[in-house]
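Everything on this sheet refers to the single structure shown next.
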Amino acid sequence: LLFNLRHKRIPMKPTNLVVCQHAHTPYSFTYAGVVERVVSAFRSVSGDEGVSVGSAVREQHGRDESVHRCQPPDVVVFPRSVEEVSALAKICHHHQLPMIPFGTGTGLEGGVGALKGGVCFSLRKMDQVLDLHLEDFDVTVEPGVTRKGLNSYLRDTGLWFPVDPGADASLCGMAATSASGTNAVRYGTMRVNVLNLEVVLADGTVLHTAGKGRRPRKTSAGYNLTNLFVGSEGTLGIITKATLRLFGIPESMVSAVCSFPSVQSAVDSTVQILQAGVPIARIEFLDDVMINACNRFNNLSYAVTPTLFLEFHGSSKGMEEQVSITEEITRDNGGSDFAWAEDEETRGRLWKARHDAWYAALALRPGCKAYSTDVCVPISRLPQIIVETKEDLIRNNITGPIAGHVGDGNFHCLIVLDPSDPDEVQRVHSFTERLARRALAMDGTCTGEHGIGLGKRALLREEVGPLAIEVMQGLKATLDPKNLMNPGKVL
Ligand SMILES: *[C@@H]1O[C@H](CO)[C@@H](O)[C@H](O)[C@H]1NC(C)=O
Ligand SMILES: *[C@@H]1O[C@H](CO)[C@@H](O)[C@H](O)[C@H]1NC(C)=O
Ligand SMILES: *[C@@H]1O[C@H](CO)[C@@H](O)[C@H](O)[C@H]1NC(C)=O
């Protein structure tokens with residue numbers, strides 16, 4: 001966001017933050033002639049309707065849901081198969097054109113902007129669910145299949161894919177960014193739920209990271225290339241298939257809400273619930289500012305204090321025990337009585353405050369933009385970082401309600417800012433850097449689930465150190481020696 005604006009010394013006019021570049025941005029100098037020549041080659045692979053140079057389409061593919069400036073590609077292609085992706089990549093490779101994979105555009109760190117122009121690979125036409133193996137609990141999907149799309153496909157099978165970042169993102173995009181969300185405390189992030197990937201490399205060759213068609217639940221065969229591509233954010237190749245783990249839909253789900261006198265007591269409860277081995281599926285933290293926003297937005301009346309939203313998944317029989325252990329723990333920590341919900345409708349109503357948090361935050365300052373930060377620390381450090389962050393927000397007069405996946409030590413400030421106020425933009429920029437550094441100082445990471453993208457490259461270097469960066473650059477140079485894959489991101 002704000003980071004790259006500063007590095008590039010673009011004057012902070014309001015339009016730079018949130019509005020697309022002019023629709024008729026000339027092709028960048030280097031590619032001017034090349035692009036026109038390759039378009040007809042692209043058309044011969046993907047047909048006329050599979051290639052677009054229209055400004056509206058290009059702009060739509062030049063930005064995600066972050067406040068990073070829109071950077072449209074020169075061309076957008078819509079391949080229908082891995083063979084087409086490979087053929088198009090070969091053309092790009094030959095002409096040294098940058099390639100940027102695009103799923104649903106729901107990222108939050110500016111990962112899809114075409115910094116150096118080039119070709120956006122929009123993968124939404126590849127939307128088939130393939131090779132569902134019910135008894136093995138796995139499935140293979142093409143990159144256009146979204147999380148909700150897969151779950152509705154699975155509806156009658158008794159299985160589901162639980163990783164839920166909120167947005168209805170594409171599953172291959174979620175793999176590319178190592179996404180997670182509210183269910184990760186029970187089911188893990190994308191990192192543990194991808195078994196195999198099919199990837200088109202920069203030169204158009206097709207790699208199967210775990211070997212073609214392989215899907216064992218474990219292996220100790222060689223380096224883990226699948227893991228290398230999870231979180232690579234399009235900088236190593238274009239993911240064209242993902243084989244994913246599935247889970248049985250739990251027999252029973254129960255939701256609860258509980259408020260606490262302090263951040264410390266909410267986090268202490270979380271740690272003790274996990275220590276007790278309660279297989280909690282979601283445990284979400286909302287701070288007093290967030291609760292207040294939710295109350296106002298949804299006309300609710302939750303106590304305006306740190307609050308946990310919980311969800312239990314299990315068999316009907318085991319559920320009672322899970323819930324009573326949890327209730328005992330929260331009561332010992334000064335928590336309120338639980339608000340309960342078992343049937344789907346009441347659970348939905350109970351969780352509504354959490355689900356609408358983004359819009360509730362926006363409603364605090366109508367007409368402003370929201371920007372979600374993302375850091376993650378060892379869970380024992382959560383109370384300290386949240387308390388210090390709240391003090392920082394107040395000191396700098398920044399509106400930033402906090403919502404966190406507290407079971408993972410991961411939390412977000414949903415910052416609501418006026419992008420036309422340069423002073424505020426600068427204050428938010430400094431705040432987010434301080435927040436990330438605070439997380440690093442507490443042995444944490446500058447991003448739990450949004451990725452590095454454009455704005456956090458300097459922080460990545462601080463996080464892993466120069467040697468690890470060098471190793472990453474070496475891997476990148478091996479797989480993409482011409483630096484064509486989503487250049488300017490991550491490293
Ligand atoms: C390799 O990485 C993938 C993706 O992160 C993960 O799901 C898998 O369990 C790993 N395999 C092994 C043997 O560690
Ligand atoms: C908000 O809730 C109160 C009672 O809880 C009710 O009297 C009032 O009409 C509600 N307002 C709106 C706008 O729904
Ligand atoms: C804090 O920011 C708001 C706008 O978000 C502004 O109206 C208010 O005057 C500011 N307060 C101080 C003390 O700067």
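When a ligand or atom number is given, it counts from 1 through the structure's own listing order.
Residue-ligand proximity: Leu195 is placed with every non-hydrogen atom at 4.0 Å or more from ligand 1.
Nearest protein heavy-atom neighbour of atom 10 (C) of ligand 3: Asn397 ND2, 2.3 Å. In this structure, the protein non-hydrogen atom closest to atom 13 (C) of ligand 1 is Thr219 O, 2.7 Å.
Of the candidates Met190, Arg217, Arg191, Lys218, it is Arg191 that places a heavy atom closest to atom 4 (C) of ligand 1.
Residues Tyr153 and Trp160 place their aromatic rings such that the two centres sit no closer than 6.0 Å. Checked against a 6.0 Å centroid threshold, the rings of His61 and Phe78 count as neighbours. Aromatic rings from Tyr302 and Phe309 are positioned such that their centres are separated by under 6.0 Å.
For ligand 1, the atoms sitting less than 4.0 Å from at least one non-hydrogen atom of Val192 are 7 (O), numbered in the order shown with element in parentheses. Proximity to Arg245 (heavy-atom distance under 4.0 Å) selects the following atoms of ligand 1: 9 (O). The distance from ligand 3 to the heavy atoms of Arg365 drops below 4.0 Å at these ligand atoms: 4 (C), 5 (O).
Tyr187 and His313 form a side-chain donor-acceptor contact under 3.5 Å, judged by distance and modelled atom types alone. No side-chain N or O of Arg427 forms a donor-acceptor pair with one of Asn396 less than 3.5 Å apart.
Of the N or O atoms in Val194, one or more lie within a sub-3.5 Å distance of an N or O in ligand 1. For ligand 3, none of its N or O atoms has an N or O atom of Thr399 under 3.5 Å away. Taking distance alone, with nitrogen or oxygen atoms compared against 3.5 Å, Asn224 approaches ligand 1 more closely than that limit.
Looking at Lys489 and Glu233, no side-chain N of the basic residue comes within less than 4.0 Å of a carboxylate O on the acidic one, giving no salt bridge.
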Trace of the salt bridge (Lys or Arg N to Asp or Glu O under 4.0 Å) decision for Asp418 with Lys369: CA-CA 6 Å; Asp418 174 2; Lys369 293 275 168 194; over 6 Å; no
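A distance-only check finds a donor-acceptor pair linking the side chain of Asp421 to the backbone of Glu424 [under 3.5 Å].
In this structure, atom 7 (O) of ligand 3 is not in close contact with the protein, since no protein heavy atom lies within 4.0 Å of it.
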